[in-house]
There are 2 protein chains.
Amino acid sequence: MRQVPPHLPPRARPSTPLQAELNVEGHARQLERQVEQRLRDNDIRYTRGRRVVVESLAESDGPRSAAELSGDIGPSVPLSSLYRSLAVLEQAGVVIPHHGARTITRYELAEWLSGHHHHLVCSNCGFVEDVEIPESQEDQVRKLVEDISAAAAFSPNGHALEIEGLCSQCT
Amino acid sequence: MRQVPPHLPPRARPSTPLQAELNVEGHARQLERQVEQRLRDNDIRYTRGRRVVVESLAESDGPRSAAELSGDIGPSVPLSSLYRSLAVLEQAGVVIPHHGARTITRYELAEWLSGHHHHLVCSNCGFVEDVEIPESQEDQVRKLVEDISAAAAFSPNGHALEIEGLCSQCT
DNA sequence: ATGAGATTGAGAATCATACTCAATAAACTG
DNA sequence: CAGTTTATTGAGTATGATTCTCAATCTCAT
């Protein structure tokens, strides 16, 4: 199975290298603050282990499994702690599980941290790519979601459009 | 966690008991024939073990896990065979895995057997409900899927709109 | 019927994830 | 800041879902 290909994070691309670093750093710091706040609000400590998980996910170019994160982070955080951190962060709504492929669960930052997006799932290599769509299209999706939910007496809270097919590499 | 509530299968409801039995039987037989054909086309034998899995899924009112199927079917088919049957049927496109909840995978009949539908996922009880939507809405979804895919150089092959929220029982 | 190849059963093996418990760190109290 | 309380971590073990192994059995084409 091909490794996760690089793809753009769902934020505006800065134009010059200097700007880039400033923006990325600014964004990283802001994200840290948001997460810290959220945890504090829920009486959950923002410890080193939890911090590295969040930072690692923030730098990731796609959803990561516990094993992948462990590889990213190195041996300083044992797997059992990693799983615990992920569970805690999921509880706090900082991190979202993505049950895409066989058996393993991948996590990504929650939408309030990473932006709303949909998924392109490659049925050949298993890679899950995030896609942001233009507001006009998103409006249509939202309307559809509301209509469908209303017809089924369901109270929608979020949605994901998963498109399955072949990614550009596997075509 | 609440058990899967009963819900209508995605076929036309017959109106009288007699008609009902005839239709259900007719449908069951037709489904059997379709599956048999598909397997034959792929040089895969339609054995007893595989047949009971398909029949069991056809009678199910929602996606079923291997363990649940094993319970439905009884001890005549050991778990290891069940998993193998599911893998073979998935290969042949008769059965589709649904990776919804923690760790376990649930299966349902493929869309060409059960009809195209979307999912309402209850974030409280975990129940996944199938919904069929009217053609006019489905057309919109299809168009969105095509536009999004085109913009991402992705070759779409199928799609699922997953709406998360609270089901009518959990509201 | 017969032989080649596919399939099954039963069990052991593997893999992701969860739990246990003693050691450690953080927050709180005065 | 020292002492106390409570949350968190590490390391290891346990669990549960899924997969593999291999001998026995079944199927299909001859």
Side-chain angles (χ1 to χ4, degrees), chain A residues 1 35-57 63-92 94-108 126 128, chain B residues 1 35-57 63-92 94-107 126:
Chain A
M1 190 182 285
V35 171
E36 185 150 20
Q37 178 71 42
R38 165 71 73 111
L39 293 188
R40 202 166 292 286
D41 289 350
N42 286 72
D43 286 307
I44 299 170
R45 294 178 191 161
Y46 196 28
T47 59
R48 186 188 66 89
R50 292 165 188 176
R51 195 179 299 272
V52 293
V53 169
V54 170
E55 282 168 358
S56 195
L57 280 178
R64 305 293 271 163
S65 68
E68 288 165 343
L69 280 171
S70 181
D72 298 345
I73 290 169
S76 73
V77 177
L79 256 186
S80 60
S81 300
L82 227 172
Y83 275 108
R84 253 182 322 216
S85 294
L86 285 170
V88 168
L89 292 168
E90 185 184 345
Q91 274 275 109
V94 169
V95 132
I96 297 290
H98 189 269
H99 308 280
R102 319 203 54 49
T103 313
I104 68 168
T105 303
R106 286 167 203 273
Y107 289 85
E108 60 185 358
V128 179
Chain B
M1 188 183 285
V35 172
E36 186 150 19
Q37 178 71 45
R38 166 71 73 113
L39 294 188
R40 201 167 293 287
D41 290 348
N42 286 70
D43 285 308
I44 298 168
R45 295 178 189 161
Y46 196 28
T47 59
R48 187 187 67 88
R50 292 167 188 175
R51 194 179 299 271
V52 293
V53 169
V54 170
E55 282 168 358
S56 196
L57 280 178
R64 305 293 272 163
S65 68
E68 289 166 341
L69 280 171
S70 181
D72 297 345
I73 291 170
S76 73
V77 177
L79 257 185
S80 60
S81 300
L82 225 173
Y83 275 107
R84 253 183 321 218
S85 293
L86 285 169
V88 168
L89 292 168
E90 185 184 346
Q91 274 275 107
V94 170
V95 133
I96 296 289
H98 190 269
H99 308 280
R102 318 205 55 53
T103 311
I104 67 167
T105 303
R106 285 167 204 272
Y107 290 84

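Everything quoted here is computed from the prediction, not taken from an experiment. Letters A, B, ... mirror the listed sequences (proteins, then strands); counts begin at 1.
Using a 4.0 Å heavy-atom criterion, one finds that A:Ser76 contacts the sugar-phosphate atoms exclusively.
Between the OH atom of A:Tyr46 and the C1' atom of D:dA7 there is a distance of 17 Å, rounded to whole Å. Rounding to whole angstrom units, CG of residue B:Asp43 and P of C:dA4 are separated by 20 Å. A straight line from CD of B:Glu90 to P of D:dT18 spans 11 Å, rounded to a whole angstrom. Here C:dA18 presents its P atom at 12 Å from CG of A:Leu82, a figure rounded to the nearest Å. Atom CZ of B:Arg50 is separated from atom P of C:dA6 by 11 Å (rounded to the nearest Å). Taking atom CG on B:Leu69 and atom C1' on D:dA17, their separation rounds to 14 Å, with Å as the unit. Look at OH on B:Tyr83: it is 13 Å from C1' on C:dC15, rounded to the nearest Å. Counting to the nearest Å, the P atom of C:dA27 and the CD atom of A:Glu36 are 10 Å from each other.
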Can you name the atoms? Protein N/O to nucleotides 19-22 of chain C N/O, anything below 3.5 Å, with the distance.
unit_1: C:dT20; atom_1: O4; unit_2: A:Arg84; atom_2: NH1; d: 3.4

Enumerate all atom pairs, one protein N or O and one N or O from nucleotides 25-30 of chain D, separated by less than 3.5 Å.
unit_1: D:dT27; atom_1: O4'; unit_2: B:Arg45; atom_2: NH1; d: 3.3

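With sequence neighbours excluded, no residue forms a side-chain hydrogen bond (donor to acceptor under 3.5 Å, both in side chains) with B:Arg45. Shown here are the side-chain hydrogen bond (donor to acceptor under 3.5 Å, both in side chains) partners of B:Arg40, two or more places apart in sequence or in another chain: B:Glu36.
Atoms CD and CG, on A:Gln91 and A:Asn42 in that order, are 9.0 Å from each other to the nearest 0.5 Å.
Summary for the helix from C:dA1-D:dT30 to C:dG30-D:dC1: the axes at its two ends, each from 5 pairs, differ by 40° when rounded to the nearest 10 degrees.
B:Ile44 is not listed as a side-chain neighbour of B:Arg38, based on a closest heavy-atom distance of 4.5 Å or more. Side-chain atoms of A:Leu57 and A:Val94, non-hydrogen and from C-beta on, never get closer than 4.5 Å to each other. Put simply, the side chain of A:Arg51 does not reach to within 4.5 Å of the side chain of A:Val35, judged on heavy atoms.
The two residues A:Leu79 and A:Ala66 make their nearest non-hydrogen contact at CD2-O, 4.1 Å. Of all heavy-atom pairs spanning A:Ile73 and A:Ser76, the tightest one is CG2-OG, 4.0 Å.
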Practice task
Using the side-chain contact (heavy atoms from CB on, under 4.5 Å) rule, take B:Arg48 and B:Val77 through it: C-alpha gap first, then chi angles, then the decisive distance, then the call.
Solution key: CA-CA 9 Å; B:Arg48 187 187 67 88; B:Val77 177; 4.1 Å; yes
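Applying the salt bridge (Lys or Arg N to Asp or Glu O under 4.0 Å) test to every pair with at least one member in residues 71-89 of chain A, sequence neighbours left out, gives these pairs: A:Arg64-A:Asp72.
Using a 4.0 Å cut-off, no side-chain N or O of B:Thr47 falls inside it from OP1 or OP2 of C:dA6.
The closest donor-acceptor contact from the side chain of A:Arg50 to the backbone of A:Leu89 lies at 3.5 Å or more, if one exists at all.
Candidate nucleotides D:dT9, C:dA16, D:dT18 were compared by shortest atom distance to the side chain of B:Ala66, and D:dT18 ranks first.
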